[in-house]
A.B. asks: 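The following block contains the structure, expressed as structure tokens.
So you know, we letter chains A, B, ... as the sequences are listed, proteins then strands, and number each from 1.
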There are 2 protein chains.
Amino acid sequence: MGKNLVGNHIRKLRFNHDELTQQQLADKVGVTRQTIVALEKGNYSPSLELAFRIAHTFNLPLEEIFYYGEDTKQ
Amino acid sequence: MGKNLVGNHIRKLRFNHDELTQQQLADKVGVTRQTIVALEKGNYSPSLELAFRIAHTFNLPLEEIFYYGEDTKQ
DNA sequence: ACATAATGTAAAATAAACTATACATGAAGT
DNA sequence: ACTTCATGTATAGTTTATTTTACATTATGT
């Protein structure tokens, strides 16, 4: 257990960003689709390394994709 | 194995920031001293959650403390 | 009706992060 | 000389992230 305190906007970004599919994003960042599924579902938070690669892929600063605690963004 | 691609400025920050000791920082962010030691040594990269808590403690954006690949900062 | 592609879900196995414990070293103070 | 404190190092154990495999569902196209 131990609830996951980190949220993200991955799902939204996949659609805004070239309509990426889960599998395509997974390939781009070098993980399996299951990992993307789990992240979108909020099952756990990624490693910092993976978070960086995802941010890289979307060309966004990490903190615009991932946030600690409640989402405070627009 | 699997080399760690994420670096950080934790050690420097401990000194710039109130001369925090490893143990004090560990307490503030809720991990053991061993974790801080490992991070400073670059043995592995933290979870995203821990990275956020550390950034919080130093009152800095996460990406000013942690960087992917080579350090490109000043 | 059939095939294909995207997604959801689930569970067992491996890898990586993190803890707990323990001991060693060097510096600083008394 | 002794104590205390910060740090270094090591290793076994637990927890969490990630992989692998597998099957189900819904939508789209032919």
Side-chain angles (χ1 to χ4, degrees), chain A residues 1-58 60-71, chain B residues 1-58 60-71:
Chain A
M1 311 276 172
K3 47 187 86 290
N4 175 22
L5 296 169
V6 177
N8 67 75
H9 300 297
I10 294 179
R11 187 158 197 123
K12 253 178 280 176
L13 287 167
R14 277 201 300 119
F15 292 99
N16 299 358
H17 205 92
D18 282 335
E19 289 277 350
L20 277 179
T21 174
Q22 288 177 336
Q23 185 66 64
Q24 290 172 324
L25 176 57
D27 291 344
K28 282 202 176 202
V29 301
V31 295
T32 64
R33 184 173 70 89
Q34 295 320 306
T35 301
I36 304 298
V37 170
L39 294 179
E40 288 191 359
K41 279 192 62 182
N43 285 1
Y44 47 73
S45 45
S47 65
L48 181 54
E49 212 169 305
L50 177 52
F52 268 120
R53 278 181 296 186
I54 292 173
H56 232 98
T57 291
F58 287 129
L60 287 173
L62 191 152
E63 296 185 82
E64 278 185 36
I65 304 180
F66 300 94
Y67 51 90
Y68 189 72
E70 298 312 309
D71 185 8
Chain B
M1 314 270 171
K3 45 186 89 288
N4 175 23
L5 297 170
V6 177
N8 67 75
H9 299 297
I10 295 177
R11 188 157 196 125
K12 253 177 284 178
L13 286 167
R14 276 201 300 119
F15 292 98
N16 299 358
H17 205 91
D18 282 335
E19 289 278 351
L20 276 179
T21 176
Q22 290 176 336
Q23 185 65 64
Q24 290 171 325
L25 176 56
D27 291 344
K28 282 202 173 200
V29 301
V31 296
T32 63
R33 185 172 70 88
Q34 296 319 305
T35 299
I36 303 298
V37 170
L39 294 180
E40 288 191 359
K41 279 193 61 184
N43 285 1
Y44 48 72
S45 43
S47 67
L48 181 55
E49 211 169 307
L50 177 53
F52 268 119
R53 283 189 308 236
I54 292 173
H56 232 99
T57 291
F58 287 128
L60 287 173
L62 191 150
E63 295 185 84
E64 278 185 35
I65 304 181
F66 300 95
Y67 51 90
Y68 189 70
E70 298 312 309
D71 185 8

A.B. asks: Taking only side-chain N and O atoms of B:Ser47, does any of them lie within less than 4.0 angstrom of OP1 or OP2 on C:dC18?
C.D. replies: yes
A.B. asks: For a side-chain contact (heavy atoms from CB on, under 4.5 Å) check, start with the C-alpha distance between B:Leu48 and B:Leu62, then their side-chain angles and the critical distance, and finish with the verdict.
C.D. replies: CA-CA 9 Å; B:Leu48 181 55; B:Leu62 191 150; 4.0 Å; yes
A.B. asks: Tell me whether the OP1 or OP2 atom of C:dT19 has a side-chain N or O from B:Thr35 closer than 4.0 Å.
C.D. replies: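 For B:Thr35, the contact criterion (side-chain N or O under 4.0 Å from OP1 or OP2 of C:dT19) is met.
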A.B. asks: For B:Glu40 versus B:Ile10, what's the shortest heavy-atom pair and its separation?
C.D. replies: OE2-CG2, 3.8 Å
A.B. asks: C:dG8, OP1 or OP2 - any side-chain N/O from A:Gln22 closer than 4.0 Å?
C.D. replies: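 For A:Gln22, the contact criterion (side-chain N or O under 4.0 Å from OP1 or OP2 of C:dG8) is met.
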A.B. asks: Search all heavy atoms of A:Phe52 against all heavy atoms of B:Phe66 and return the closest pair with its distance.
C.D. replies: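 Heavy atoms only, the tightest pair is CZ-O, 3.4 Å.
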A.B. asks: Show the distances under 3.5 angstrom between N or O atoms of the protein and N or O atoms of nucleotides 21-30 of chain D.
C.D. replies:
none

A.B. asks: Give one of base, sugar-phosphate or nothing for B:Thr21, where a contact means two heavy atoms less than 4.0 Å apart.
C.D. replies: sugar-phosphate
A.B. asks: Using OP1 and OP2 only, check whether a side-chain N or O of A:Lys41 sits under 4.0 Å from C:dT7.
C.D. replies: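 No, A:Lys41 has no side-chain N/O under 4.0 Å of OP1/OP2 on C:dT7.
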A.B. asks: Nearest-nucleotide wise, let me know which of B:Arg53 and A:Val37 is further upstream toward the 5' end of DNA chain C.
C.D. replies: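 Closer to the 5' end of DNA chain C: A:Val37.
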A.B. asks: How close or far is atom C1' of D:dG8 from atom CD1 of B:Ile36, stated in whole angstroms?
C.D. replies: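 So the two atoms are 15 Å apart, to the nearest Å.
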A.B. asks: Respond yes when some side-chain nitrogen or oxygen of B:Arg11 is under 4.0 Å from OP1 or OP2 of D:dA6, and no when none is.
C.D. replies: no
A.B. asks: Any chance you could lay out the ring-ring contact (aromatic ring centres under 6.0 Å, His included) test for A:Phe58 and A:His9, step after step, and finish with the verdict?
C.D. replies: CA-CA 11 Å; A:Phe58 287 129; A:His9 300 297; over 10 Å; no
A.B. asks: Select one nucleotide: of C:dT7, C:dC18, D:dT18, the one nearest the side-chain heavy atoms of A:Val31.
C.D. replies: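 From the listed options, D:dT18 comes nearest.
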